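Note that the structure is predicted; figures quoted are calculated from it, not measured. All chains are named by letter (A, B, ...) in the order of the sequence lines, taking the proteins before the strands, and each is independently numbered beginning at 1.
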Amino acid sequence: MEKEKLEGIVESIIFTNEQNGYTVFDLSADNALITAVGYIPGLAVGESVSLTGEWTSNSAYGEQFKVEYFERLTPKEEGAILLYLSSGIVKGVRESTAKKIVDVFGSDTLKIISENPKRLAEIKGISLEKAMQIHDSYINKQSVQNTVMYLQPYGVSAEFALKAHQELGSNAVEIIKDNPYILCDKIAGISFETADKIAKAMSISPLHKGRIKSGIQYVLMQCSVSLGHTYLPENELISYTSHLLGIDEFDVENQITALLSEKQLYGFDTYEGGKDYQLALFTKAEKSIADKLLSLRKVPSEKEKESLNKCIKDSEEKSGIQLSEEQKSAVKQAVFGGVTVITGGPGTGKTTIIRTIIDCLSSLDKKFSLAAPTGRAAKHMSDSCGIEAKTIHRLLEIGYLSDGGRPGFARDVDNPIEADFVIVDEVSMVDTLLMYSLLSAVAPGCGLILLGDSDQLPSVGAGSVLKDIILCDMIKCVKLTHIYRQAAESMIVLNAHKINNGEMPILNKSDNDFFFMSRTSSSQIADTILQLCSGRLSKTYGFDPMTDIQVLTPIKKSILGVYNLNSMLQEVLNPPSINKAEHRFGDSVLREGDKVMQMENNYNASWVKGDLNGTGVYNGDIGVVKKMNSHSRTILIHFDDGREVTYDFAEVRELSLAYAVTVHKGQGSEFECIVMPVFKCAPLLMTRNLFYTAVTRAKSLVVLVGDYDAIGYMVKNNSEQKRYSGLVDRLTENQ
DNA sequence: TTGACGTC
């Protein structure tokens with residue numbers, strides 16, 4: 001996006017969050033009234049500001065200018081100064097006082113307030129005490145401004161500069177000059193590179209202690225982000241850090257010791273006699289997860305288990321599905337075992353078990369909440385259980401905390417989830433920090449049921465929580481192995497097992513359901529996928545390209561990414577026509593008849609479903625573009641559960657074409673037919689888990705298109721097992 | 001390189 005610069009006068013303040021300075025206001029610039037949003041604390045009507053940022057469109061409020069950097073132009077002439085002081089921006093000064101001061105000091109007013117405040121007391125009605133109070137209030141406002149202005153040239157946006165000022169106080173600039181690294185240590189969102197840039201500009205020594213300490217923590221953080229580690233072995237930490245900072249390993253070791261005594265870092269002895277080092281954040285998270293899981297455990301009594309026999313029987317009659325002994329015992333354990341993990345591959349009956357558990361909990365009059373890590377997985381859970389499931393973030397009520405405005409969860413230790421049971425699906429995608437937040441919000445005594453398949457996609461964030469819980473052998477895990485799906489003898493299931501064992505799948509056996517088409521270039525792969533989806537598969541198998549066939553790909557960008565495949569698929573599956581209205585926005589087009597997915601939560605959108613109506617469309621909802629109206633600038637979307645929602649053209653950015661989706665979004669859903677490009681992309685994504693997940697989304701047909709060697713690479717790449725995580729040790733120590 | 005989230 002192109003950065004734009006605007007200058008103008010603040011016309012009115014629409015909203016201010018006093019805690020964090022987030023402000024919504026109208027600005028008159030170039031004879032137009034503009035709504036702008038951004039972090040500008042204490043902004044007042046009448047102020048002149050210069051804003052840098054970009055245009056955004058907000059679903060509920062339309063076009064808005066999002067401010068990243070700002071400059072307040074200090075008012076120079078008397079009228080402007082009077083307006084400025086009258087706005088209430090300086091504590092202790094209202095309109096009448098402002099007028100008195102400006103009458104006396106004219107255009108020197110602000111200079112007097114900041115440099116020679118005693119002179120204010122010359123004015124009748126202003127005591128010396130009040131004069132000093134006015135001075136302090138004005139200087140404090142200036143210090144916010146100074147911090148923002150000092151940090152902006154280094155690429156720190158107003159939002160983060162403000163956080164720095166809040167954290168460091170009115171001497172922020174002095175403190176930063178003394179040790180710029182305090183910025184990346186204390187303010188989430190300011191990077192080590194930014195702090196290092198400021199330090200370089202000030203010629204701070206590369207051996208500055210603050211620099212080395214921050215470097216160590218930065219390396220640990222980077223390794224968690226890019227590799228999923230929650231700690232690093234000593235030798236790796238020292239060598240990466242000394243490399244990054246261009247200093248001696250010995251100097252790094254010294255500061256590790258310092259960080260340990262400051263409790264910023266924790267050390268753990270390894271079995272081999274070495275040391276592992278972990279950021280305090282992850283130590284706390286892993287310790288809490290372990291403590292909570294262990295404390296939730298209960299051993300169900302025989303009497304309790306028997307008491308469920310009738311509920312289970314009723315549930316079986318209702319669904320017409322007979323549960324095996326293995327499944328019945330899983331249900332009993334889940335209902336009375338405090339905390340239970342249920343794992344199993346596709347077709348092993350997890351959905352049947354969740355439904356039965358829900359029936360039992362309902363008949364016991366228990367309150368329960370359902371959740372999953374991605375929007376699409378939550379949607380799938382809702383559909384298969386007939387009860388609303390939320391993303392974990394939504395269950396925890398993500399929002400802005402009152403203390404400083406960082407995003408945070410409203411549900412926590414002090415305000416736990418109001419339920420007797422919390423049931424979470426697709427737990428393999430839950431990372432350490434999210435699990436920590438989730439478990440913190442689970443009240444003592446609340447039942448916890450975790451379901452997942454540890455062979456499927458791991459979390460994007462650090463840790464391998466589900467694998468660790470299974471591995472530690474301290475929490476009751478029910479492992480479902482029997483495959484109930486009618487396709488038990490199909491090649492899809494057989495190949496899924498082969499992939500899991502690191503073997504090549506069997507391809508192209510005649511009369512079967514697992515095919516590979518060799519294509520060398522990206523454009524050949526894309527062309528073949530288009531042919532398959534637009535005709536070949538529906539001719540041969542009778543699949544409906546809109547509902548039965550799903551293209552899954554690992555990435556979003558490049559020729560074989562979601563964006564491009566979607567626009568190519570749109571061309572063949574729903575081509576332009578004079579009968580179909582369309583709407584262009586950004587690089588994309590939406591046309592009547594298109595298959596779309598809602599990509600973010602919109603709590604305000606209202607829907608209609610027959611006689612019913614309500615509000616809210618959520619990330620992962622899938623639908624079809626029914627009608628477009630270029631006069632009212634609206635689009636009607638028909639969602640697959642029957643809800644109809646009218647989108648304003650400005651809201652259309654929340655939608656994306658859904659002919660192709662990422663494998664990550666596909667986890668949790670099933671489709672008749674999967675078409676997947678197999679090609680060399682980012683090695684971190686070319687994993688066995690990803691390939692296994694994609695393949696097992698298919699109920700009756702898998703078609704792989706591309707490079708045979710890429711399949712081999714994915715099958716062999718089980719890099720996810722190489723994540724360093726301390727959770728197993730926390731779960732098993734002291735037991 | 002994948003996911004989640006948002007104050008008028």
For this session: Please name all residues satisfying side chain to side chain donor-acceptor pair (under 3.5 Å) with A:N619, sequence neighbours left out, ordered by chain then number.
Result: none
Exercise. If you check every side-chain atom of A:H393, which of B:dT2, B:dC8, B:dA4 has the closest atom?
Worked result: B:dA4
For this session: Send over the distance from A:M714 CE to B:dT1 P, rounded to a whole Å.
Result: 16 Å
Problem set entry | Candidate pair A:S191 and A:T194, rule side-chain hydrogen bond (donor to acceptor under 3.5 Å, both in side chains), full reasoning | CA-CA 5 Å; A:S191 69; A:T194 300; 3.0 Å; yes
Seminar exercise, completed: Out of B:dT1, B:dA4, B:dT2, minimum distance to the side chain of A:L684 belongs to B:dT1
For this session: Would you mind checking if A:D621 and A:R643 are paired as a salt bridge, meaning a charged N to carboxylate O distance below 4.0 Å?
Result: yes
For this session: Would you indicate which nucleotide in B:dT2, B:dC8, B:dG6 comes nearest to any side-chain atom of A:Q64?
Result: B:dC8
Exercise. Looking at the side chain of A:K556, which of B:dT1, B:dA4, B:dT2 is the nearest nucleotide?
Worked result: B:dT2
Exercise. CG of A:L552 versus P of B:dT1: gap in Å, rounded?
Worked result: 19 Å
Problem set entry | Rounded interatomic separation in angstrom, taking CD from A:Q456 and C1' from B:dT2 | 15 Å
For this session: Would you give the length of the straight line joining atom OG of A:S48 to atom CD of A:E71, rounded to the nearest 0.5 angstrom?
Result: 11.5 Å
Exercise. Between B:dT1, B:dA4, B:dC8, which nucleotide has the shortest distance from any of its atoms to the side chain of A:F15?
Worked result: B:dC8
For this session: Ignoring the backbone of A:V460, work out which of B:dC5, B:dT2, B:dT1 is nearest its side chain.
Result: B:dT2
Exercise. Can you tell me if the side-chain N/O atoms of A:T391 get under 4.0 Å from OP1 or OP2 in B:dC5?
Worked result: yes
Exercise. Rounding to a whole Å, what distance do you find between A:L396:CG and B:dC5:P?
Worked result: 11 Å
Exercise. Where the side chain of A:S226 is defined as all heavy atoms beyond and including C-beta, which of B:dA4, B:dT1, B:dC8 is the nearest nucleotide?
Worked result: B:dT1
Exercise. Atom CZ of A:F409 to atom C1' of B:dG6: distance rounded to whole Å?
Worked result: 12 Å
Problem set entry | Whole-Å gap separating P (B:dA4) and CE (A:M435) | 17 Å
For this session: Among A:R633, A:Q598, A:E654, A:R653, find the one that has a side chain to side chain donor-acceptor pair (under 3.5 Å) with A:Y647.
Result: A:Q598
For this session: Return the nearest nucleotide to the side chain of A:I398; candidates are B:dT2, B:dC5, B:dC8.
Result: B:dC5
Exercise. With a non-hydrogen cut-off below 4.0 angstrom, is A:G461 in contact with a base, only sugar-phosphate, or nothing?
Worked result: nothing
For this session: Could you state the atom-to-atom distance from CD of A:E159 to P of B:dG6 in whole Å?
Result: 15 Å
Problem set entry | Pairwise 5' ranking along DNA chain B for A:P554 and A:T35, keeping only the more 5' one | A:P554
Exercise. Atom CG of A:L438 to atom P of B:dG3: distance rounded to whole Å?
Worked result: 21 Å
Exercise. Is the shortest side-chain N/O distance from A:K665 to OP1 or OP2 of B:dA4 below 4.0 Å?
Worked result: yes
